[in-house]
Amino acid sequence: MSRYNARVVEPKWQKAWEEADVFSAKRDENRPKYYVLEMFPYPSGRIHMGHVRNYTMGDVVARYKKATGFNVLHPMGWDAFGMPAENAAMDKGVHPGDWTYQNISDMRAQLKPMGLSIDWSREFATCDPEYYGQQQAMFIDMMERGLVYRKEAVVNWDPVDMTVLANEQVIDGKGWRSGAPVERRALTQWFFRISDFAEELLDALDGLTNWPEKVRLMQKNWIGKSRGLQFAFDLTTPAAGHDRIEVFTTRPDTLMGASFVGISPDHPLARALEADNPDIAAFNAECRRMGTSEADLETAEKKGLDTGLKVRHPLNPDWELPVWIANFILMDYGTGAIFACPAHDQRDLDFARKYGLPVIDTFLALDDPQPVTDTAFVPPKEQKVKWIDHFTGLDIATGDEAIEATIRLAESQGWGKGVTQYRLRDWGISRQRYWGCPIPVVHCPDCGVVPEKKENLPVELPRDVSFDKPGNPLDRHPTWRDTPCPKCGRPARRETDTMDTFVDSSWYYARFTAPHAKTPTVMEDAEYWMNVDQYIGGIEHAILHLLYSRFFARAMHLTGHLPKKAIEPFDALFTQGMVTHETYSTTGPNGLPVWHSPDEVELRENGAVLRATGEPVEVGPVIKMSKSKKNVVDPADIIDQYGADTARWFVMSDSPPERDVEWTAAGAEAAWKHLQRLWRMTSEIASADASDTVDPALERETARAIDAVTRGIEDFAFNKAVAALYAFANAIARSGAGAGARRRAMLTLAQLMQPMTPHLAEEIWQALGGEGLVSQAPWPKADASLLVDDTVTLPIQVNGKRRSEIRVPKDMSKEEVEKLVLADDAVIRFLKGREPRKLIVVPGRIVNVVV
RNA sequence: GCCCGAGUGGCGGAAUUGGUAGACGCAGCGGAUUCAAAAUCCGCCGCCGCAAGGCUUGCCGGUUCGAGUCCGGCCUCGGGUACCA
């Protein structure tokens, strides 16, 4: 009997698939299509286990859908622009383009041995000029459609390197290379008007019924629709050209609890006051000495400065409130100014206590009417509370009712109006970096901002750039910037900002439907292949990437690049968990941990040691595989050692796909053993006498396996499909059926495992005389009559605890079941002669005797 | 800080969605085979207890004949937080 040698078998079948052109997708109006897409990878240079898991899941779906008769589109590409290429250029002196294309070539070589059913003829990278040129064409269309504009926005500025930093490059408020405290600096930047679509993007979430509820909820909260009141506080004396401060509040009902008015350090008034107030200038400068990320802003120590200005309360002109500048007020949300109500907002309360500002209760709890001390009283808006002398005359009412009453009052008295506000901000796409899609506009001294002519697209990145100094190489390129104005032809300068890489990934799914077209998309192809029937990727993309894509598909429709039906591009979404691994560390001479990769470590019964030196190793928590902690297992090594099927089988086993999976060497070994066992069984069956004794139990197990595996794949419960395949293999191994019957069962097993382990499935299929390729065989159907049992086991509980069970015909009447139950020994024992108080019979499920 | 998740034997997990908690797999233990080992095959395997029985789904409380599942309050870990992708 030959051992199964994946190293020989896997390339053989991959070649066979390629020669038979099994996976290329061709438009065929007569066949139903199915578009499976996994989020395309960033070409870091190595595939990691997360990729293996993601692409195996997609492949299982693609192969299964193909077997059930669909014309499947399953493409692959590269999300190839981004900062790591520029970092490599700075660190290693390589060109970002060379680095990226080399990585793509390396990763493709690592991916191909996985045996994925991908149509490689559709492959592209977002850094291909053919791709980003089409993106530029759409940008111009969107400009003309009014979906694009420019405005000032703040960035992280490294004052030493004189460069813009990404949020991730700001560590504890300092630049990651220079170590200098970063500053917030305003630049004129390009924006997409995504906020115009806030209401529509929110409403349409309800239609995404095949998306995880959690993702829809996260998007809903991100869009953040809220109703509130907009009104102004009049300054007692005008200052720096301002006579009032506009505020937006979602809690106008608490207006009598106002204790101060707060404005953002970036508020126009705050900026205007800097000119002749050094204290304010210093305070604002201090506030700007921090990163721009919301997490940083929100977790920073709350600080404020009294401007000395006063405003009048709108409900009582004699009541004057101080105006403070506070570092936690965002200029991007609402009007950049608030009124603070410390009694009913914890952050305002902390601030008020810190600076000795008044705390005024406006309502009290009905059950425990205590005034606020250290904890703000913030009940849900639906909860009824007792109002203290409310200006609308309410006494006991909910927050919602009080808010509406306040808005009505303000509108009738004319001092404020009810407005709907969204948290969602417009999408800033300007990046002051080289390795991205150039924004195709020209700045002309005479004509202003002019889009490039479409026939001049793509605006290609210049090849000759240097990364020896920080900052955007496009800015200091000697000739690339100089270009004639597309309108008047006189000398002008190109825009040097490139686009956010999220733009690239907001339409690649559409490009896959016509990847080599001379236009962004081709209507007939988009019409046939869109939408993506199943999209699969990490939960980390739940908000930004998916929301941007939803917006971009709408924008593409408005500019004639996608049909109406594609404005929600992803019909179904699945978010997978991460691949994790234990961490191993020793302590270095400086007291800091030194991390070790799993292949440097030997696991022994009494602990882990370094293979090389025998030094004991600390086994740390199981976390996401990452280079910095060295807890990575290279899929290439696993594929080399065990074969792709083992890696695929392992990542589909055990852990539910939406949850994190921990890679363990033992698990990989076990997967390999199981596949070896299947091959032994196949060899045994192939060489056995062809007796055809039928085993009814095996027939039933076959039907059950087909049913369970089908449901497992349909429901994205691959771990359950795998468990059913284990059970089926055990059933075949134990069956007393003749070789003919077991051969049939084994062929069914090959079909059922084909989506997960396609190479071994082909080998088994061939060894047992299956016709053609199992990758092209139709999906097996379960004999429904074998799936039903006519008797069931009914557990009997006494007071909710299982005490006994009876086996009864499935359709036995309640009365008969009750009789049997009361005659049951265990029940009699537990009743001890007492009458049952109640007897609950759930037909076909359970019986509960209540004593 | 805010938004969204997750938590079940030694381990990964299953549980027909309110009805037998622990399917399937790993590890472990016992046996068979072998000169021996590896590999393989068979069996056992939540915890406490000799047993009867009791306990058990992160913690506390509630609803219910019945809760891993529903409700309220916590704890821990993870994802996102708009320039990481």
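Note that these values count all heavy atoms, side chains included, but never hydrogens, waters or copies made by symmetry. Lettering follows sequence order; numbering is per chain, from 1.
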Report the distance from atom CZ of A/Arg704 to atom P of B/A14, rounded to the nearest whole Å.
21 Å
Which nucleotide wins on minimum distance to the side chain of A/Pro656, given the candidates B/G53, B/C84, B/A14?
B/A14
So, A/Arg423 side chain and A/Trp222 main chain: donor-acceptor pair closer than 3.5 Å or not?
yes
Least distance between heavy atoms, A/Met681 atom then A/Ala729 atom
CE-O, 3.5 Å
What string of B, S and - do you get for nucleotides 2-9 of chain B, 5' to 3', if B is base contact, S is sugar-phosphate-only contact and - is no contact with any protein heavy atom under 4.0 Å?
-SSS-S--
Between A/Ser655 and B/G13, does any side-chain N or O lie under 4.0 Å from OP1 or OP2?
yes
Can a side-chain donor-acceptor contact be found between A/Arg807 and A/Thr791 if the only test is distance below 3.5 angstrom?
yes
Between A/Glu714 (CD) and B/U16 (P), how many Å, whole number?
19 Å
With both distances under 3.5 Å as the test, what is the Watson-Crick or G-U wobble partner of B/G1?
B/U81
So, taking the atom named OG in A/Ser655 and the one named CZ in A/Phe718, what distance separates them when rounded to the nearest 0.5 Å?
13.5 Å
Assign A/Leu424 to base, sugar-phosphate, or nothing according to its heavy-atom contacts below 4.0 angstrom with the strands shown.
base
Of A/Ser430 and A/Thr299, whose nearest nucleotide on RNA chain B comes first from the 5' end?
A/Thr299
P spacing across the pair B/A21 / B/U69, given as an integer number of angstrom
14 Å
So what does A/Val849 touch, heavy atoms closer than 4.0 Å: a base, only the sugar-phosphate, or nothing?
nothing
With a 4.0 Å cut-off on heavy atoms, is A/Ser505 in touch with a base, just the backbone sugar-phosphate, or nothing at all?
nothing
Heavy atoms only, 4.0 Å cut-off, all strands: where does A/Phe328 land among base, sugar-phosphate and nothing?
nothing
Within 90° of 0 counts as syn, otherwise anti: where does B/U16 fall?
anti
A/Lys673 vs A/Val155, nearer the 5' end of RNA chain B by closest nucleotide:
A/Lys673
So what does A/Arg216 touch, heavy atoms closer than 4.0 Å: a base, only the sugar-phosphate, or nothing?
nothing
Whole angstrom is fine here: how far is it from NE2 in A/His674 over to P in B/A27?
14 Å
In the structure I gave you, are the side-chain heavy atoms of A/Arg177 and A/Asn87 within less than 4.5 Å of one another anywhere?
yes
Whole-angstrom distance between B/U8 and B/U57, as gauged at atom C1':
4 Å
Integer-rounded Å distance: B/G54 P and A/Lys801 NZ:
7 Å
Going by atom types only, do A/Arg677 and A/Asn730 share a side-chain donor-acceptor pair under 3.5 Å?
yes
A/Arg680 vs B/A39: side-chain N/O to OP1/OP2 distance below 4.0 Å
no
Between B/C71 and B/U64, how many Å separate the two P atoms, rounded to a whole number?
16 Å
Base, sugar-phosphate, or nothing: which does A/Arg711 touch, judged by heavy atoms less than 4.0 Å apart?
nothing
Between CD of A/Glu658 and P of B/G13 the distance, given in whole Å, is 10 Å
Give a yes-or-no answer on whether the side chains of A/Asp426 and A/Ser195 include a donor-acceptor pair shorter than 3.5 Å.
yes
Students often get this wrong, so: under 4.0 angstrom with heavy atoms, is A/Arg837 touching a base, only sugar-phosphate, or nothing?
nothing
Using atom C1' of each nucleotide, how far apart are B/G13 and B/G25 to the nearest Å?
9 Å
Look at the side-chain N and O atoms of A/Ser653 and state whether any lies under 4.0 Å from the OP1 or OP2 oxygen of B/G25.
no
Atom CZ of A/Arg431 to atom P of B/A82: distance rounded to whole Å?
11 Å
Would you call B/G9 syn or anti, using the 90° rule around 0?
syn
Grab the CD-P distance between A/Glu669 and B/C26 for me, whole Å please.
11 Å
Please lay out, stage by stage, how A/Glu714 and A/Arg711 fare under the test salt bridge (Lys or Arg N to Asp or Glu O under 4.0 Å).
CA-CA 5 Å; A/Glu714 290 272 2; A/Arg711 275 189 292 119; over 6 Å; no
Counting Watson-Crick and G-U wobble pairs only, both distances under 3.5 Å, name the nucleotide matched with B/G72, or none.
B/C60
What I'd like to find out is whether the side chain of A/Phe830 reaches to under 4.5 Å of the side chain of A/Ser804, using heavy atoms alone.
no
Would you mind classifying the nucleic acid contact of A/Gly667 as base, sugar-phosphate or nothing, using non-hydrogen atoms under 4.0 angstrom?
nothing
Reading 5' to 3' through nucleotides 18-24 of chain B, protein heavy-atom contacts under 4.0 Å coded B for base, S for sugar-phosphate only, - for none
-BB--BS
Distance (rounded to the nearest 0.5 Å) between A/Arg659 CZ and A/Ile539 CD1:
14.0 Å
Looking only at non-hydrogen atoms, find the nearest pair between A/Ala782 and A/Leu787 and report the distance.
CB-CD1, 4.3 Å
Over how many whole Å does the gap from A/Ile429 atom CD1 to B/A85 atom C1' extend?
17 Å
Of the nucleotides B/G79, B/C84, B/A82, which has the atom closest to the A/Leu544 side chain?
B/A82
A/Asn54 and A/Met39: which non-hydrogen atoms are nearest, and at how many Å?
OD1-O, 3.8 Å
Describe the nucleic acid contact of A/Gly577 in one word from base, sugar-phosphate, nothing, applying a heavy-atom distance below 4.0 Å.
nothing
Searching all strands shown, indicate the nucleotide that pairs with B/G28 (Watson-Crick or G-U wobble; both distances under 3.5 Å).
B/C44
